[in-house]
Amino acid sequence: MSMPELIPVLSKNEIKKTVQNLGTTISSDYRNGQVVMIGVLKGAFIFMADLVRQLSIPVQTDFICASSYGNKTCSSGKVSFSKKIDIDIVDKDVILVEDIVDTGLTLVCLIEYVKSLGAKSVKICALIDKQERREIDIEIDYAGHSIEKGFLVGYGLDYAEDYRNLPEIFNLKL
Ligand code: 5GP
């Protein structure tokens with residue numbers, strides 16, 4: 001078996017600048033207010049940790065974990081969460097924090113769930129917007145980088161639970 005190849009996509013510095021810019025934009029958009037950031041586990045854990053430290057507004061944090069489900073439709077009731085939101089988000093401004101948006105199906109279900117809990121507003125922040133396989137026309141309010149295709153690992157992103165700890169982002173070629 002040949003070794004997987006890791007092709008650099010985003011350096012530490014590029015990621016740092018992107019996260020700083022996202023933090024500045026979000027802090028400006030919500031100035032005089034506060035937000036609840038909900039990170040989507042597991043992939044967003046590192047991005048979320050860096051992003052909240054770039055905010056100059058009050059922020060509450062929580063995480064959610066959507067467990068794997070059959071055909072990925074919200075309405076079929078097949079979406080279940082192995083970690084739900086603990087904090088009260090009624091009438092709060094919520095930002096869902098995703099590592100990468102691919103088909104968009106996960107996010108659509110998460111937005112529906114967060115709205116059903118009574119959030120005042122729900123916006124999306126994703127480090128990477130991957131467009132090739134998008135199935136749902138979803139608006140990503142705060143997107144770090146856009147890429148056409150590839151399978152990315154590092155900075156929280158895994159392949160079979162490996163590589164999450166890498167400080168840069170790579171394209172994994174098996
Ligand atoms: P979606 O519902 O948008 O298709 O799926 C999004 C989720 O799929 C992401 O949160 C992530 O967990 C996973 N995913 C999609 N593309 C990639 C990728 O290029 N690399 C990794 N490691 N995970 C991905």
Side-chain angles (χ1 to χ4, degrees), residues 1-12 14-16 18-19 22 26 35-52 61-85 94-117 119 122-174:
M1 201 180 80
S2 62
M3 285 289 285
E5 200 184 338
L6 291 172
I7 299 153
V9 174
L10 294 172
S11 68
K12 271 194 220 178
E14 284 170 308
I15 296 170
K16 192 175 163 193
T18 301
V19 177
L22 287 170
I26 292 169
V35 286
V36 180
M37 282 200 157
I38 298 174
V40 184
L41 292 173
K42 299 177 195 170
F45 81 111
I46 294 179
F47 175 41
M48 173 90 163
D50 284 345
L51 183 60
V52 292
T61 57
D62 205 344
F63 288 93
I64 189 164
C65 189
S67 49
S68 45
Y69 34 80
N71 64 4
K72 285 203 172 195
T73 60
C74 311
S75 52
S76 69
K78 284 191 174 150
V79 179
S80 60
F81 301 105
S82 54
K83 153 86 184 76
K84 290 193 178 187
I85 301 169
V94 172
I95 301 180
L96 279 166
V97 178
E98 260 278 32
D99 47 0
I100 183 164
V101 181
D102 188 14
T103 62
L105 290 164
T106 306
L107 263 184
V108 163
C109 298
L110 288 176
I111 293 167
E112 209 172 277
Y113 170 65
V114 167
K115 282 189 177 157
S116 78
L117 293 178
V122 187
K123 289 201 173 184
I124 308 299
C125 176
L127 180 64
I128 294 159
D129 176 5
K130 188 165 80 174
Q131 286 148 355
E132 191 195 25
R133 303 192 326 135
R134 190 65 41 84
E135 284 180 35
I136 295 182
D137 188 17
I138 200 167
E139 189 187 342
I140 301 174
D141 305 279
Y142 305 102
H145 290 270
S146 253
I147 65 156
E148 187 50 33
K149 55 185 174 183
F151 189 82
L152 306 185
V153 296
Y155 196 70
L157 290 160
D158 75 311
Y159 172 65
E161 297 300 333
D162 287 325
Y163 305 112
R164 290 194 200 275
N165 61 311
L166 300 179
E168 299 95 14
I169 292 179
F170 298 89
N171 196 341
L172 182 78
K173 291 263 157 87
L174 292 172

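Residues take their numbers from the sequence shown, with the count starting at 1. When a ligand or atom number is given, it counts from 1 through the structure's own listing order. Just so you know, these numbers use all the heavy atoms, side chains as well, and skip hydrogens, waters and symmetry mates.
- Relative orientation of the Tyr155 and Phe47 rings is tilted, given thresholds of 30° and 60° on the angle between their planes.
- At least one heavy atom of Phe151 sits under 4.0 Å from some atom of ligand 1.
- Ion pairing between Lys83 and Asp62 holds under the 4.0 Å rule for side-chain N and carboxylate O.
- At least one side-chain heavy atom of Asp129 sits less than 4.5 Å from a side-chain heavy atom of Arg134.
- Heavy-atom proximity to atom 21 (C) of ligand 1, evaluated over Leu152, Ile138, Val101, is greatest for Leu152.
- Under the 4.5 Å side-chain criterion, counting only non-hydrogen atoms from C-beta, Tyr163 is in contact with Pro4.
- The closest non-hydrogen atom to atom 11 (C) of ligand 1, taken over Val9, Val40, Ile100, comes from Ile100.
- When only interatomic distances are considered, the shortest N/O to N/O separation between Thr103 and ligand 1 falls below 3.5 Å.
- With a 4.5 Å cut-off on side-chain heavy atoms, Val94 and Val35 do not count as touching.
- Counting atoms of ligand 1 from 1 in the listed order, those under 4.0 Å from a heavy atom of Gly150 are 19 (O).
- Of the candidates Asp102, Leu174, Leu157, Leu172, Phe151 forms a side-chain contact (heavy atoms from CB on, under 4.5 Å) with just one, namely Leu172.
- Judged by distance alone, with hydrogens and angles left aside, the side-chain atoms of Lys115 form no donor-acceptor pair with the main-chain N or O of Val122 at under 3.5 Å.
- Under a 4.0 Å criterion applied to the non-hydrogen atoms of Asp158, ligand 1 contributes the atoms 21 (C), 22 (N).
- Counting the atoms of ligand 1 from 1 in the order shown, those under 4.0 Å from a heavy atom of Glu98 are 10 (O).
- Within the 4.0 Å heavy-atom shell around ligand 1 one does not find Gly43.
- Atom numbering of ligand 1 starts at 1 in the shown order; those under 4.0 Å from a heavy atom of Lys130 are 16 (N), 17 (C), 18 (C), 19 (O).
- In terms of N/O distances under 3.5 Å, ligand 1 is not approached by Val153.
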